[in-house]
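This report concerns only the one structure given below.
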Amino acid sequence: MTRLKQDDIYQISKSLEQLDMELMAKTGLTLRGIACAASGVDEGQTSGSIAGITAAVVPVTAGLGIISGFSDTVSAILKHIGFSSFTTDSTDAGGVSEAFLRRADLLLMADDHCFTALNLGNLKVVDNAEATARGFVAGLERMSGGFDRKTVLVLGCGPVGSAAAIALIQRGARVALFDLVRERAEALATELPTGIATVVKTDLDTALMKYNHLIDATPSGAFIKARHISVKTIAAGPGVPVGLDSDALSTMNDRFLHDPLETGVATMAVLAAFGGISCSGNAHRERT
Ligand code: 2YC
């Protein structure tokens, strides 16, 4: 899991309106719309009740500690899509206690291994990796005009890439799995329907030239070059840093989705509050 830095997130809170405009141009949806589409809930039916739901964001000092601005940024994203939200005054256990005492409906907190959203009413658990994957897959589907059995190249078979492969298949796509560690791609393929999920046998360069639909779920930066991009390329990049280099980015225009935190946070909260399917965290997998 890539640990965000203050530099990655310090501009998010004041750029959320801009993000909505970019998402509208690319997908026809705002951030809330993406989160609802990813969660399988109707935006019109939830937008009224979102305002009545309060989320507490608890800063966690464990491990490498607090990321300056992280909790307030998470809270700002949640407010932007309509939740009531606050960062607790206390950190860690004191913050959890405060969330309960202030009757929060949702509790979000992150250490170095797990970023989770808890529904304190029905005990649903939503993991950021799964929510991030579902949010970007929903956006990619909108940009692609539906998958309709198209093959999407999934780069990186870790927690986000694995959840993305599952979400893609659920939405009618085929997936080609690539990981620098071939065994990780093969292990994921064994968990997916044969014929729908295949492991890329070629090298990365060849794969990037071959597929027009990409999900970059790797922690690698700037490895996707302009030569890998065609006018038909449509991509989503939950991975941090961005996998496309500046030349590749400049040719993508409105066909590439990326943000370091917003899509995952918005989808986590909507899934935790409204998502019919209970998501199990995959924190244990983070440690392997
Ligand atoms: O400020 C705090 O409460 C810190 N404990 C937050 C640590 C977040 C570590 N995780 C990350 O930076 C990202 C997540 C946002 C998703 C994956 N990695």
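Whatever order the structure lists them in is the order used to number ligands and atoms, beginning at 1.
If you check which protein heavy atom lies closest to atom 10 (N) of ligand 1, you get Met1 SD, 3.7 Å. Atom 3 (O) of ligand 1 has as its closest protein heavy atom Val60 N, 2.9 Å.
Taking each heavy atom of His213 and Ser144 in turn, the nearest pair found is CD2-OG, 3.3 Å. The shortest heavy-atom contact between Met143 and Phe256 is SD-N, 4.1 Å. The heavy-atom pair separating Leu29 from Ala37 by the smallest distance is CD1-CB, 4.1 Å.
Comparing Pro219, Ser71, Pro260, Gly65 against atom 4 (C) of ligand 1, the shortest heavy-atom distance belongs to Gly65.
The local environment of NZ in Lys232 is sparse, with at most 12 non-hydrogen atoms from other residues, nucleotides or ligands closer than 6.0 Å. Open room surrounds NZ on Lys5; 12 or fewer heavy atoms of other groups in view lie less than 6.0 Å from it.
Using a 4.5 Å cut-off on side-chain heavy atoms (C-beta onward), Thr116 and Leu118 make contact.
Ligand 1 lies nowhere less than 4.0 angstrom from a heavy atom belonging to Gly63.
Ligand-side atoms of ligand 1 in range of Asp111: 7 (C), 8 (C), 9 (C), range being under 4.0 angstrom from any heavy atom. Atoms of ligand 1 lying under 4.0 Å from at least one heavy atom of Leu261, given by number and element, are 15 (C). Ligand 1 places these atoms under 4.0 Å from at least one heavy atom of Asn128: 16 (C). Which parts of ligand 1 touch Pro59 is read off a 4.0 Å heavy-atom cut-off, strictly below it: atoms 3 (O). Within ligand 1, the atoms closer than 4.0 Å to a non-hydrogen atom of Phe115 are 15 (C), numbered from 1 in the order shown. The Ala110 neighbourhood of ligand 1 comprises atoms 3 (O), 4 (C), 5 (N), 6 (C), 7 (C), 8 (C), with distances under 4.0 Å to a heavy atom of that residue. Listed by number with element, the atoms of ligand 1 under 4.0 Å from a non-hydrogen atom of Ile66 are 1 (O), 2 (C).
Counting only distance, with no hydrogens or angles, the side chain of Lys124 and the backbone of Ala273 share no donor-acceptor pair below 3.5 Å.
When non-hydrogen atoms are compared, ligand 1 lies under 4.0 Å from the backbone of Thr2 (N, CA, C, O) but not from its side chain. Residue contacts with ligand 1 for Ile67 involve both N, CA, C or O and side-chain atoms from C-beta outward (heavy atoms, distance under 4.0 Å).
Separation of atoms CZ (Phe115) and CZ (Phe70) is listed at 4.0 Å; rounding is to 0.5 Å.
Between Leu4 and ligand 1, at least one N/O pair is under 3.5 Å apart.
Looking at residues two or more places apart in sequence or on another chain, you find a side chain to side chain contact (heavy atoms under 4.5 Å, CB included) between Thr198 and Ala176.
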